[in-house]
Amino acid sequence: MEVCSVTAPATVEEAEAIQDALRSRLDLTGPGPRDPALVAGVDVAYSDDLLAAAVVVLDAASLDVVERVTVPGRPAFDYVPGLLAFRELPSLVEALERLTVTPDLIVCDGYGLAHPRRFGLACHLGVLTGLPTIGVGKTAFVGSFEQPGRERGAWSDLLLDGEVTGRVLRTRDGVKPVFVSVGHRVDLETACRHVLALTPRHRLPETTRAADRLSRTALKTAMAGSP
DNA sequence: GCGACAG
DNA sequence: ATCTTGTCGC
């Protein structure tokens, strides 16, 4: 599939300016895909100065793997909270370009609209691909919230400056919740429906789990190849 | 001013 | 993210 390339900033100020500029291209119109056929998970694994990006496309109904792509690389930007996209997206975009199918939804590791400048990784990838994206974070980043009820499906608002920017969603009974926020072309309600559909037996979406495993094994391969 | 801070 | 053993529970 076709994907716009990532503009590589040299400084934090430049990176923030890029986010502010791209934010105007965000489509926050819902509801987004109601019944996606293909859902993709993306993730990146690191080791010193090496990394491996991975994309896994699943059949949304069966959760079977349809396609997998990995790309070895080097981090192009240090990790700075709020600028994660500049570290992970260059390689992820390469991986997505090698996909022979086009997913109907991309599930990202991290945040989307729930971000200091309202433009997290999921928003950024959405604008570059033009595809619906959502962000699923494992830990708190920005925003305040109350603990949701203990049962799967329970949720609470993730508030930032008095605005609802996401949801703290319980995907398994009595298990630590995840942080869901919209990326591009999907509304929050629909995003949470998809996250629940992707978590029939684990806390994290099957897309995230599959991409995480793939990126780690690809990293080991990359380390063996260029030591 | 001092911490906190997606992955 | 990554460094790491055993252990409790479905």
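Computation of the quantities below employed the complete heavy-atom set of this structure, encompassing side-chain atoms and omitting hydrogens, waters and symmetry-equivalent molecules. Chain A is the first sequence line, chain B the second, and so forth, proteins listed ahead of strands; every chain is numbered from 1.
For the pair A:Leu92 CG and B:dA6 P, the computed distance is 18 Å after rounding to whole Å. Atom CG in A:Leu160 sits roughly 14 Å away from atom P in B:dA6 (whole-Å rounding). Between the P atom of B:dA6 and the CZ atom of A:Arg118 lies a distance of 17 Å, rounded to the nearest Å. If you measure from atom NE2 of A:His124 to atom C1' of B:dG7, you get 16 Å, rounded to the nearest angstrom. Atoms CG (A:Leu204) and P (C:dA1) sit 10 Å apart, rounded to a whole Å. Summarising the geometry, the separation between CG on A:Leu50 and C1' on C:dA1 is reported as 14 Å, rounded to the nearest angstrom. Distance A:Tyr111 OH to C:dA1 C1': 15 Å, rounded to the nearest Å. Between the CG atom of A:Asp49 and the C1' atom of C:dT2 there is a distance of 14 Å, rounded to whole Å.
In this structure, A:Lys138 does not reach the B:dA6 phosphate: none of its side-chain N or O atoms is under 4.0 Å from OP1 or OP2. When the side-chain nitrogen and oxygen atoms of A:Ser47 are compared with OP1 and OP2 of C:dA1, none of them lie within a distance under 4.0 Å. Contact annotation: A:Tyr46 side-chain N/O to B:dG7 OP1/OP2 distance is not under 4.0 Å.
Between A:Val57 and A:Val39 there is no side-chain heavy-atom pair separated by less than 4.5 Å.
Using a 4.0 Å heavy-atom criterion, one finds that A:Gly137 contacts the sugar-phosphate atoms exclusively. When heavy atoms are screened at a 4.0 angstrom cut-off, A:Leu83 is found touching base atoms of the nucleic acid. Looking at heavy-atom distances under 4.0 Å, A:Gly135 makes no contact with the nucleic acid at all. Among the heavy atoms of the strands lying under 4.0 Å from A:Asp43 are primed sugar atoms or P, OP1, OP2 only; no base atom is included. Looking at heavy-atom distances under 4.0 Å, A:Leu51 makes no contact with the nucleic acid at all.
For A:Leu219, the side-chain atoms get nearest to C:dT2 when compared with the rest of B:dG7, C:dT2, B:dA6. When distances run from any side-chain atom of A:Ala45 to the nucleotides B:dG7, B:dA6, C:dT2, the shortest one goes to C:dT2. Of the candidates C:dT2, B:dG7, B:dA6, B:dG7 carries the atom nearest the A:Arg87 side chain, counting heavy atoms from C-beta on.
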What verdict does the salt bridge (Lys or Arg N to Asp or Glu O under 4.0 Å) test give for A:Asp43 and A:Arg213, after you've listed the backbone C-alpha separation in whole Å, the side-chain angles of each residue and the deciding distance to 0.1 Å? CA-CA 9 Å; A:Asp43 196 17; A:Arg213 277 177 311 214; over 6 Å; no
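Side-chain contact check for A:Thr199 and A:Glu206: no donor-acceptor pair (N or O, by modelled atom type) lies under 3.5 Å. Side-chain N/O atoms of A:Glu88 and A:Tyr79 include no donor and acceptor closer than 3.5 Å.
Nearest heavy-atom pair across A:Ser181 and A:Gly112 is OG-N, 2.7 Å.
Ring-to-base geometry places A:Tyr79 in a stacked arrangement with B:dG7 (centre distance under 5.5 Å, plane angle under 30°). Stacking between A:Phe141 and B:dA6 is shown: the ring centroid lies under 5.5 Å from the centre of the six-membered base ring, and the planes differ by under 30°.
In this structure, A:Arg167 forms no cation-pi arrangement with A:Phe145, as its terminal cationic atom is not both closer than 6.0 Å to the ring centre and no more than 45° off the ring axis.
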